[in-house]
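Residue numbers start from 1 in every chain, and the chains themselves are labelled A, B, ... in the order their sequence lines are given, proteins ahead of strands. Hydrogens, waters and symmetry mates play no part in the numbers below; they use all other heavy atoms, side chains included.
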Amino acid sequence: MISLLPQALIDGILIGGIYITFAIGFSLAFGVMHIIDFAVGEWVMLGAFMGYYLNRWLGLDTVVFLPVVFVVFGFIGYILQPVIYKVLSGKRGNPHLMGLVFTFGLGLMFRGLGLTFFGFYSHSLKTFLSSGSFSLDLGSVFITIPTVRLAGLFYALIITFGLTYILKKTDFGIAARAVAQNRDAAGLMGVNIERISSFIYAIYVGISAMTGILIGSVFSINAQMGGKYTIMAFFVVVLAGMGYLAGVPWAAFLLGIVQAIFLIYFNPGWTLLAVFIILYVILLVSPKGLFGRGI
Amino acid sequence: MSEAILKIENVSKVFGGLRAVDQVSFEIEKGEIVGLIGPNGAGKTTLFNVISGYYAPTEGSITFQGRAISGFPPYRLAREGIGRTFQIVKPFAGLTVLENVVIASFLKYPRMADAEKNAERILDFTGLIDKKDESAQGLTLAGRKRLEISKALALEPSLLLLDEVVAGLNPTEADKTIELILKVRDQGVTILIVEHIMRVIMNISDRVVVLNYGQKIAEGKPGEVAKNPTVIEAYLGEAQA
Amino acid sequence: MSLLEVKGINTFYGESQALWDVTFHVEKGTLVTLLGANGAGKTTTLKTICGLLKPESGEIIFSGEPIHTLPVHEIADRGITLIPEGRQLFPQMNVEENLLAGSYLKRAKKKRKENLERVYELFPVLKERRKQIAETLSGGEQQMLAIGRALMQDPQLIMFDEPSLGLAPILVQNVFSIIKDLHKRGATILLVEQNVNQAIKVADYCYVIENGRIVMEGTGAELEKDEKVREAYLGM
Amino acid sequence: MKSRGRFLWIFVVVFGLFCIVPLLTKNTFFLRIATEALMWIGLAITWDVLAGYTGYLNFGHGAFFGIGAYTTAILMTKAHWFFFPSAFVGGMIAGLVALLAGFPTLRLYGAYFAIATWALGRAFQQLALVLDITGGPDGMRLPTFLNPVFFFYTMLIFVGGLFLILWFLLERAPFGLKLKAIREDEEGAMAIGLNPARVKVMAFIVSAIPAGIIGGIYAYWITYINPASTLGDLVTDQAVVMAVFGGLGTLIGPTIGAALIYAFKTYFWAYLSQYQVLYLVILGAAIAASVVFLPDGLWGAFVSRQEGRKALKKGLALKKEKRA
């Protein structure tokens, strides 16, 4: 059984890599807008289905539609942000809780829309990457890596480095970080906080939807898949410390590996419970996540 | 010398690299009003928050009525008999004035009827009884500061920590608040007061402790302290540039 | 025409009024200081000018145009900068990123290079620590960074809120010589300070604020003799 | 004190009206609808205990319902207990889970709690799917006791009693004021001797136990439970929507919200069953829209309108006085 461990580790890293992409966006949206988006998994689901139907209608490979999905959902996020902003800057009791309830309702609505239009069935997204795989024969250990998972990791790396580049090197990125670190001071520098928030939310929604296509080609898609990924996004971000971007990859890899180990060694049905227990223990010991940063 | 109700010994509080409070020691005797003053940023509020349990001290010890209390959370200090007010008033905004004080009364009077009776007695004492059914949110600043004092008094504390209860009030309101503070003292409550308005501190304090850059730079009777050149310099800056 | 005219502003925190009919003006190229005890309304005045708070009534005119209805970032674009109390840096960014954030505005971006050079020339220590994370700087260095960041905005009016707060005496001297230096180079400055003696010395004109109202004004020399100022601060 | 008299009076009338429902109709369909409506009222008001009175959102409320249902099923089928003690123990176990889950999470920023409870709900659903004792995805069958009148009265008495107890606990007793104090300002609450973490965990337990018992009643009544029906998202989703739509922190709001939404659901599922999933869309849209347009819920909007009218009248009267 121990010979399966390297495979589990590799699988975990490949899965974790995909989690990084939408978890970073999620964490960023939290840092800049102070929104916890309960609909994150539903964005993933909607993006996956858009890829699926575009593929069926136009016959082109799903991978081609990545940018299309990004643009469409980015636009949706951009026009949705002012509504969230309105909820969060409301004068009533607890606007942050209202923000939570709002996105919770949004997620519910998207799930309903998904079920209405896509039905209960699972589909799989086919791309030219779907079939192949690499094998590594290390004597006693044999590892298989499906091409599509490797592609997923590349995608994750591109997104992660791309976002990091934007945040570190561009004026837009510096402004976004400024808003996240000190809103008032950012305003004093002439940063239009609402505009930055809209763009950040657009980027986050776009990336999440795009990731849906990747997830759909690795696993299968159905209208109720969102919840699972919302939980993963939450776990990654809570483990990393809310709003602390640098912690996201490590937390994502950790969860990916835990998931892979459970898939191989135990009943996969226990995965969620195990992840929950890990989260519980970490919150008990270090309320601010693995790195003790964030809020 | 009579017994010290509160003993602060070599207390320091460090944030990152900054020593916001640095090796401060002083005592408060029973029945006294002690003023804690110093220019903006001197560490008064930090020290105040350390004493009231919102920060744990990095070094040093705090003893209250003979018991070591450093590191106690605020609600335990309240049970020990330390009441406090907040500079930025914290009324329970959605509740009425009476309800605000009733909640504070639960500590000593766990039953609703008793707590209500106690709250009314206190509001009568602090002069808010006419407004008892109004929403705490709707009070004027002076009213809210008074409500803060009422809530702290409902704990029947032996030590009362007052954080800027006069700041922001107009002179008439300020005088009334001073009157109230003296009335509280006459009931046997010991008081530590942080205040920016020097006129207030100088008038009501039996003793003053002056902080600057986190350190105690002077301690004594108000008149003496006000003549102390170090204190004057701390407030007005160096005379020679 | 004055660069900044504040005309009868009334500002509220929630329901409690913090400023009452505050009126004053700042001429181009002068250094004006606003004195007053804590809680008198100095910071509130500055926050109202830069748009972080909105006045309930009254007008703020900058370069002949009303600005009191504009959002914060547009007021910044007009050329007003505030160096806030407690510095308010971007704590997890390094020194240079903080400075770059200062030149976010389009008009400031054009002059980014020369302004950056100027700031580094003014504060060589910032150049040395270009890559250091802001929250790990010492108090004095943080204050320099806050000033540098404001200069990157290429402002027409620089407002300082208690720049000497929490700094050791030597550094206080340092900060004041920087302010004097900026003034000498022609900057228009509105200074809020507790360090009365220092502030009076560097100022061309002073206003004293008490309980949210302007109660006195005059040149530094005039106020220095006035016992009332002393009284307001020390209660003697 | 006047409001207390009026409240009790209204309560007795509504309770009485419910009591005579079985006498009016022999139609078990209506009885079933009335029973389920009561059940949702119970779930919505227990959710509101935490959300409305302390400001913490529990997105895993369905887990308590499911824990109660499964515990009752297991005790009745495997240990051959009677129904009432089984349901009671189900409630206690739900309370225990709340204690354990609340302890680390309620100390934290509200969002952590919301996330943790949501995950908790999902984790319990998974647990029911993989355990043997719960029958996995096949679920469990309980002893059948087909007496709709019995279940109607059990539910009525339990939920009615629950409403009264919560009313006194939250609106009349020190506990409710303490919760509100923590909701308004945790630091200020600490200064007057309250331990926020302890009070919040107690509120969480108070909200979990009755939800568990309701789950127990539901299980015995419906006689068949599975992970999707008792631990699925829909239980939580509906409780949240009902409470938010009706108005948080009032008990009456969630009651009205539960009644309206349940009535809508019943109509929808009865006449538009081919569009069943559309119900989720409407539910989601309703909650999002009520956050934007009705932040205080239906009841909150109604009350503030009444108050506005009163204030207007008072203002007019004052003006008149001045003129005179």
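When side chains are defined from C-beta on, A:Val258 does not count as touching A:Phe235, because their heavy atoms never get closer than 4.5 Å.
Residue C:Arg107 does not touch chain A at all, counting heavy-atom pairs closer than 4.5 Å. Residue C:Lys47 does not touch chain A at all, counting heavy-atom pairs closer than 4.5 Å. With a 4.5 angstrom heavy-atom cutoff, C:Gln88 touches chain A via backbone and side-chain atoms both. Heavy atoms of C:Ile75 lying under 4.5 Å from chain A are absent altogether. When heavy atoms are compared at a cutoff of 4.5 Å, C:Pro84 approaches chain A solely by way of its side chain, counted from C-beta outward. Both the backbone and the side chain of C:Leu105 come within contact range of chain A, judged by heavy atoms closer than 4.5 Å.
Per-residue counts of heavy-atom pairs under 4.5 Å with chain A were compared for C:Leu82, C:Leu100, C:Asn98; the largest is that of C:Leu82.
The side-chain hydrogen bond (donor to acceptor under 3.5 Å, both in side chains) test with C:Glu96 is passed by exactly one of C:Arg130, C:Gln132, C:Arg129: C:Arg130. A side-chain hydrogen bond (donor to acceptor under 3.5 Å, both in side chains) with C:Asp154 is found for exactly one of C:Arg118, C:Lys111, C:Lys109, namely C:Lys111. With respect to C:Leu46, the side chain to side chain contact (heavy atoms under 4.5 Å, CB included) criterion is satisfied by exactly one of C:Leu191, C:Ile83, C:Val192: C:Val192.
Between the side chains of A:Thr21 and A:Thr211, a donor-acceptor pair is found at a separation under 3.5 Å. No side-chain donor-acceptor contact under 3.5 Å links C:Thr33 and C:Glu193.
Between A:Tyr201 and A:Tyr78, the distance separating the two ring centers is not shorter than 6.0 angstrom. Between A:Trp43 and A:Tyr229, the ring center distance fails the sub-6.0 Å criterion.
Using cut-offs of 30° and 60° on the angle between ring planes, the pair C:Tyr207 and C:Phe24 is tilted.
Residues from residues 177-189 of chain A that place a non-hydrogen atom less than 4.5 Å from a non-hydrogen atom of chain C comprise A:Arg177, A:Ala178, A:Gln181, A:Asn182, A:Asp184, A:Ala185, A:Ala186, A:Gly187, A:Leu188, A:Met189, given in numerical order.
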